[in-house]
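Numbering of ligands and ligand atoms starts at 1, following listing order. We count residues from 1, following the sequence as given.
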Amino acid sequence: MEYGKFPAYRPRRMRATETMRRYIRETELSAKDFIYPLFVKPGIGLRDEIPSMPGVYQVSIDMLEAEMRELAGLGVTSVLLFGIPSRKDECGSEAYDDHGIVQEAVRAIRAKAPAMTVITDVCMCEYTSHGHCGKLDGNGDVDNDATLEWLAAEAVSHAKAGAHMVAPSDMMDGRVGFIRAALDAADFANVGIMSYSTKYASGFYGPFRDAADSAPSFGDRRSYQMDPANAEEGVRESALDIAEGADMVMVKPALPYLDVLSRVKTELRFPTVAYNVSGEYSMVKAAAANGWIDERRVVLELLTSIKRAGADMIITYHAKEAARWLAEEASCLE
Ligand code: PBG
């Protein structure tokens, strides 16, 4: 046998058995990595499936306790709340109403499930009659600085209800600093900010806008959300929010932007969240329903890839199923 004829290092050796593969596994997905988005609406006894998002429901407040029990049983310990208000108006007034749908949902969860960490989406688009993320100026564009007042009022109102963190998703300039100052002034220095810092103007939000009834009635969001062509600007947006006091930054959507996620994480070294959005979820569900892909395998591969790219936490509609599958895999190895 001639020395050097064959490779000395054979990567296949470490792939031979599951135990060997585990020795060199770099990324381990866990239910603790997930944040589960929840749509809350007025009413009693409601749990309505969203047609474009099979397996995801709009629920009424009285159904939240059961929902929290299910999540806790699966090891998922945080939720991100979205509200479907009973009324919409020009100025999105239910967004900052202390008895709005999200505020009441936060109170209910904090009372019934004290171990759950509650994060609230802070934005105007679900609450305004025109569906834009803030106050309109005379030209039909969103007035940045006037919108900051609304967002800060909404954030403080969520904090008063008991939110652990607020998550501004509007993409107005300067909102993290403005909200931070408002929370501090209202004695909520301990309430954190998870900023939707690097959020693209994406076609992947379509099913969410059905779910939250938040599609803009005219135009689009390109004057405030980011151009999908930009990665450098994506890093800059997250850096700005860190400077303004964000506790976590975010890249959204996840899968088409893993390069941006990786750069945000490695260049800024800050807690980073990825939002695996509605359209990403619906694509997987549609292909799986047709028998074109193995859903379990694909979902776990996707979520592992998002974590490998740099996410500390993943907001995902797949959270419950993925947590169930991960628990099954863990019990099979024992
Ligand atoms: C609110 C908001 C949106 C999403 C989260 N917060 C929609 C949008 O910006 O149009 C999208 C989430 C998803 O698609 O799952 N601004």
Side-chain angles (χ1 to χ4, degrees), residues 34-40 50-58 79-85 88 92 94-95 101-102 119-128 130-136 142 144 147-148 150-151 154-155 158 163 165-172 175-176 179 193-228 237 248-257 273-286 299 302-303 306 311 313-319:
F34 304 147
I35 298 169
Y36 189 61
L38 258 181
F39 301 97
V40 189
I50 297 152
S52 54
M53 302 176 72
V56 178
Y57 300 81
Q58 299 173 330
V79 290
L80 173 62
L81 293 185
F82 296 95
I84 296 139
K88 295 179 192 254
E94 190 168 327
I101 183 73
V102 165
I119 309 165
T120 55
D121 186 87
V122 169
C123 196
M124 297 306 299
C125 61
E126 293 120 90
Y127 306 93
T128 49
H130 45 74
H132 277 287
C133 299
K135 182 175 185 172
L136 295 182
V142 177
N144 193 90
T147 299
L148 298 183
W150 290 0
L151 296 168
E154 184 180 5
H158 291 175
M165 292 194 104
V166 293
S169 67
D170 51 282
M171 287 301 277
M172 295 304 119
R175 95 277 210 200
V176 170
I179 290 172
I193 299 178
M194 173 192 282
S195 176
Y196 285 70
S197 47
T198 302
K199 175 172 176 177
Y200 289 90
S202 171
F204 287 94
Y205 308 149
F208 172 95
R209 291 179 188 171
D210 296 342
D213 188 21
S214 66
S217 61
F218 65 90
D220 56 39
R221 305 212 202 287
R222 281 178 235 231
S223 78
Y224 39 105
Q225 299 181 347
M226 283 184 54
D227 183 339
E237 274 282 11
M248 302 185 88
V249 290
M250 189 191 301
V251 174
K252 175 192 176 186
L255 299 171
Y257 301 91
V273 186
Y275 199 142
N276 175 219
V277 302
S278 58
E280 302 176 66
Y281 175 85
S282 300
M283 286 196 302
V284 170
K285 283 287 169 183
V299 168
L302 291 178
L303 295 174
I306 294 170
M313 299 294 294
I314 306 170
I315 303 168
T316 180
Y317 305 97
H318 295 293

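- The cationic group of K199 lies under 6.0 Å from the six-membered ring centre of Y205 and within 45° of the ring axis, placing it in a cation-pi geometry.
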Using the rule given for side chain to side chain donor-acceptor pair (under 3.5 Å), can you reason through N144 versus Y224, listing the C-alpha separation, both sets of side-chain angles and the distance that settles it, and then say yes or no?
CA-CA 9 Å; N144 193 90; Y224 39 105; over 6 Å; no

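- Within ligand 1, counting atoms from 1 as listed, the ones closer than 4.0 Å to a heavy atom of C125 are 1 (C), 16 (N).
- With M124, H132, R209 as candidates, the residue nearest to atom 10 (O) of ligand 1 on a non-hydrogen basis is R209.
- Between R222 and D227 there is no salt bridge, since none of the side-chain N atoms of the basic residue sits less than 4.0 Å from a carboxylate O of the acidic one.
- Distances below 4.0 Å separate heavy atoms of Q225 from the following atoms of ligand 1: 8 (C), 9 (O).
- Here the side chains of C133 and R221 are in contact, with some heavy-atom distance below 4.5 Å.
- Neither the backbone nor the side chain of Y281 comes within contact range of ligand 1; no heavy atom lies under 4.0 Å.
- For ligand 1 and R221, the ligand atoms under 4.0 Å from any heavy atom of the residue are 8 (C), 9 (O), 10 (O).
- For Y36, there are no ring-ring contact (aromatic ring centres under 6.0 Å, His included) partners at least two apart in sequence or on another chain.
- Comparing C133, S169, P168 against atom 1 (C) of ligand 1, the shortest heavy-atom distance belongs to S169.
- Close approach of ligand 1 to Y317 is summarised as follows: ligand atoms under 4.0 Å from at least one heavy atom of the residue are 12 (C), 13 (C), 15 (O).
- Ligand 1 has at least one atom lying under 4.0 Å from a heavy atom of K252.
- For M171, the heavy-atom gap to ligand 1 stays at 4.0 angstrom or more.
- With a 4.0 Å heavy-atom cut-off, ligand 1 is reached by no atom of D170.
- With respect to F82, the side-chain contact (heavy atoms from CB on, under 4.5 Å) criterion is satisfied by exactly one of L38, T120, D121: D121.
- Within the listing of ligand 1, atoms 12 (C), 15 (O) sit less than 4.0 angstrom from a heavy atom of Y275.
- At the shortest separation from atom 12 (C) of ligand 1 among protein heavy atoms lies F208 CD1, 3.3 Å.
- At a heavy-atom cutoff of 4.0 Å, ligand 1 is contacted by the side chain of C123 but not by its backbone.
- Looking from atom 2 (C) of ligand 1 to the surrounding protein, the closest heavy atom is K199 NZ, 3.4 Å.
- Residue-level proximity to ligand 1 for S278 is carried by backbone and side chain together, each with a heavy atom below 4.0 angstrom.
- Listed by chain and number, the residues in a side-chain contact (heavy atoms from CB on, under 4.5 Å) with S52 are I50, P207, D210 (sequence neighbours excluded).
- Using a 30° and 60° split on the angle between ring planes, Y281 and H318 fall in the tilted class, from 30° to 60°.
- Relative orientation of the F39 and Y317 rings is parallel, given thresholds of 30° and 60° on the angle between their planes.
- No more than 12 heavy atoms of other residues, nucleotides or ligands shown are found within 6.0 angstrom of CZ on F204.
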